There are 2 protein chains.
Amino acid sequence: MPTLRTAEVARLAGVNVETLRFYERKGILPEPPRRASGYREYPPETVERVKFIKRAQELGFSLSEIQNLLDLRQMTGGKSDRVKHLAEAKVEEIDHKIRDLEAMKRSLTDLLRACDGRRAIASCPIIESLGGCPRCIGGKSEPPTEGTTP
Amino acid sequence: MPTLRTAEVARLAGVNVETLRFYERKGILPEPPRRASGYREYPPETVERVKFIKRAQELGFSLSEIQNLLDLRQMTGGKSDRVKHLAEAKVEEIDHKIRDLEAMKRSLTDLLRACDGRRAIASCPIIESLGGCPRCIGGKSEPPTEGTTP
DNA sequence: CTTGACTCCGTACCATACTTCGGGGTTGAT
DNA sequence: ATCAACCCCGAAGTATGGTACGGAGTCAAG
């Protein structure tokens, strides 16, 4: 199967047909070749591209950020300096997300341990889990006090 | 400083004043006590709560998901079973996000290594980085073919 | 050569997450 | 007392990311 039609791509990627047109209008999917009739003929890798887009959205990236990520991937021959910068910034951003997700996970597993232990948890760790965000204003002015709701 | 006014909370949390009212309407911020005049008097931890909300959004959670997370944190005394289930599901979800972000990071660092090496990268790893998503339809039917743009 | 499924397109509509507007009351410093 | 700066509210507007509609053309099987 060399090429796919819209309904096939949509089904395989788990999205609505209209979403494909929408992405194309937005420039996040390249315009596929057409038959004489005007029907789109998608290359099969489109499916993976769409899946990537959907998943990246769930990871907190906007469509325009995702577009940048995808462009990055294509630009590997040209002026590497700008690409390198962008990629490095993205890596840092991703690292930051990973760290915060790990903190969130930790506070949830703490919560679970407290449930298992059948005793109430002392503090409210979930919010604190993202409290140490380094790019924020005051830079962690308050020490991690206990007793948030007395 | 025992309580804060809207503008103070907004400034400290890095959001618009109206966002606080919006969150309150949505129920994601609890209604703070008021003065006789109607002015809100926020407890200082509101700032951390709002920062948490903003960051959790950047990690791909919607406001209603965030509300669930925050509720979870409060429910640690009651019927632990449901709470436990929810928390466990959230931990899995977070793990999945972490794994995918790590895959994305890996493919970006690969890209960077290729840049450093001053040679073009062979394949298109970024999209493949999220290709192995287990909850997707066919379950990775296509082998990772090379030659994406012939 | 008809029929039903699929495709095209533009436009309009929807949900989420805010932001702006407009008009009026409160606070607190001078 | 006055006045800027702040606060209140409801309602309307914006941006993003789609989804639905409707009318017309296309494709492939019978």
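In what follows, chains carry the letters A, B, and so on, assigned in the order in which the sequence lines appear, proteins first and then strands, with residues in each chain numbered from 1. Just so it is clear, the structure is predicted and the values come from calculations on it, not from any experiment.
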**Q** Are any of Asn16(A)'s side-chain N or O atoms less than 4.0 Å away from OP1 or OP2 of dG18(D)?
**A**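 Indeed not, no polar side-chain atom of Asn16(A) lies that close.
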**Q** Nearest-Å distance, CZ (Phe22(A)) to C1' (dA20(D))?
**A**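 After rounding, the reported distance stands at 14 Å.
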**Q** Answer yes when Arg11(B) and Glu8(B) have at least one side-chain N-carboxylate O distance shorter than 4.0 Å, and no when they do not.
**A**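 No.
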**Q** Looking at Lys105(A) and Glu102(A), is there a salt bridge between them, counting it only when a charged N and a carboxylate O are closer than 4.0 Å?
**A**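 Salt bridge absent between Glu102(A) and Lys105(A).
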**Q** Rounded to the nearest Å, what distance is computed from the CD1 atom of residue Ile53(B) to the C1' atom of nucleotide dT16(C)?
**A**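 Spelled out: CD1 on Ile53(B) to C1' on dT16(C) is 15 Å.
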**Q** Is any side-chain N or O of Arg21(B) under 3.5 Å from a base N or O of dG10(D), one able to act as donor and the other as acceptor?
**A**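 A donor-acceptor contact between them is present.
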**Q** Taking CD from Glu41(B) and P from dC6(D), how many angstroms apart are they, rounded to a whole number?
**A**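 Going from Glu41(B) (CD) to dC6(D) (P), I get 17 Å.
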**Q** If you pin Glu18(B) and Glu8(B) to their nearest nucleotides in DNA chain D, which one's is more 5'?
**A**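 Counting from the 5' end, the first nearest nucleotide belongs to Glu8(B).
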**Q** Any side-chain N or O of Arg40(B) under 4.0 Å from OP1/OP2 of dC8(D)?
**A**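 Checking Arg40(B) against dC8(D): at least one side-chain N or O falls below 4.0 Å of OP1 or OP2.
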**Q** Taking atom C1' of dT19(C) as reference, at what distance in whole Å does atom NZ of Lys26(B) sit?
**A**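 After rounding, the gap between these two atoms is 14 Å.
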**Q** Does dC8(D) have its OP1 or OP2 closer than 4.0 Å to a side-chain nitrogen or oxygen of Thr6(B)?
**A**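 True: Thr6(B) side-chain N/O within range (under 4.0 Å) of dC8(D) OP1/OP2.
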**Q** Could you state the atom-to-atom distance from CG of Leu4(A) to P of dC6(C) in whole Å?
**A**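 Taking CG of Leu4(A) and P of dC6(C), I get 15 Å after rounding.
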**Q** I need the CD-P distance between Gln57(B) and dT16(D), as an integer number of Å.
**A**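 So the two atoms are 15 Å apart, to the nearest Å.
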**Q** Using a 4.0 Å heavy-atom cut-off to protein, can you give one letter per nucleotide of nucleotides 25-30 of chain C, 5' to 3': B if the base is in contact, S if only the sugar-phosphate is, - if neither?
**A** BBS---
**Q** Looking at CG of Leu29(A) and CD of Gln67(A), how far apart are the two atoms once the value is rounded to the nearest 0.5 Å?
**A**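 Leu29(A) CG to Gln67(A) CD: 9.5 Å, rounded to 0.5 Å.
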**Q** What is the distance from CD of Glu31(B) to P of dC8(D), rounded to the nearest Å?
**A**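 Between P of dC8(D) and CD of Glu31(B): 12 Å.
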**Q** Please work out if Ser64(B) contacts a base, only the sugar-phosphate, or nothing of the nucleic acid, heavy-atom cut-off 4.0 Å.
**A**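 Contact class for Ser64(B): none.
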**Q** Mark yes or no for whether Lys26(B), through its side chain, and Ser64(B), through its backbone, hold a donor-acceptor pair below 3.5 Å.
**A**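 No: the side chain of Lys26(B) does not pair with the backbone of Ser64(B).
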**Q** Is it the case that the side chain of Glu92(B) and the backbone of Ala89(B) share a donor-acceptor pair, with hydrogens and angles ignored and the cut-off at 3.5 Å?
**A**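 Side chain of Glu92(B) to backbone of Ala89(B): no pair is present.
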**Q** Report the distance from atom CZ of Arg25(A) to atom C1' of dT11(C), rounded to the nearest whole Å.
**A**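 The distance from CZ of Arg25(A) to C1' of dT11(C) comes to 10 Å, rounded to the nearest Å.
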**Q** Applying side chain to side chain contact (heavy atoms under 4.5 Å, CB included), run through Asp100(A) and Phe52(B) and close with a yes or a no.
**A** CA-CA 10 Å; Asp100(A) 281 356; Phe52(B) 176 88; over 6 Å; no
**Q** CD/Glu48(A) to CD1/Ile53(A) distance, rounded to the nearest 0.5 angstrom?
**A**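 Going from CD on Glu48(A) over to CD1 on Ile53(A), the span is 11.5 Å.
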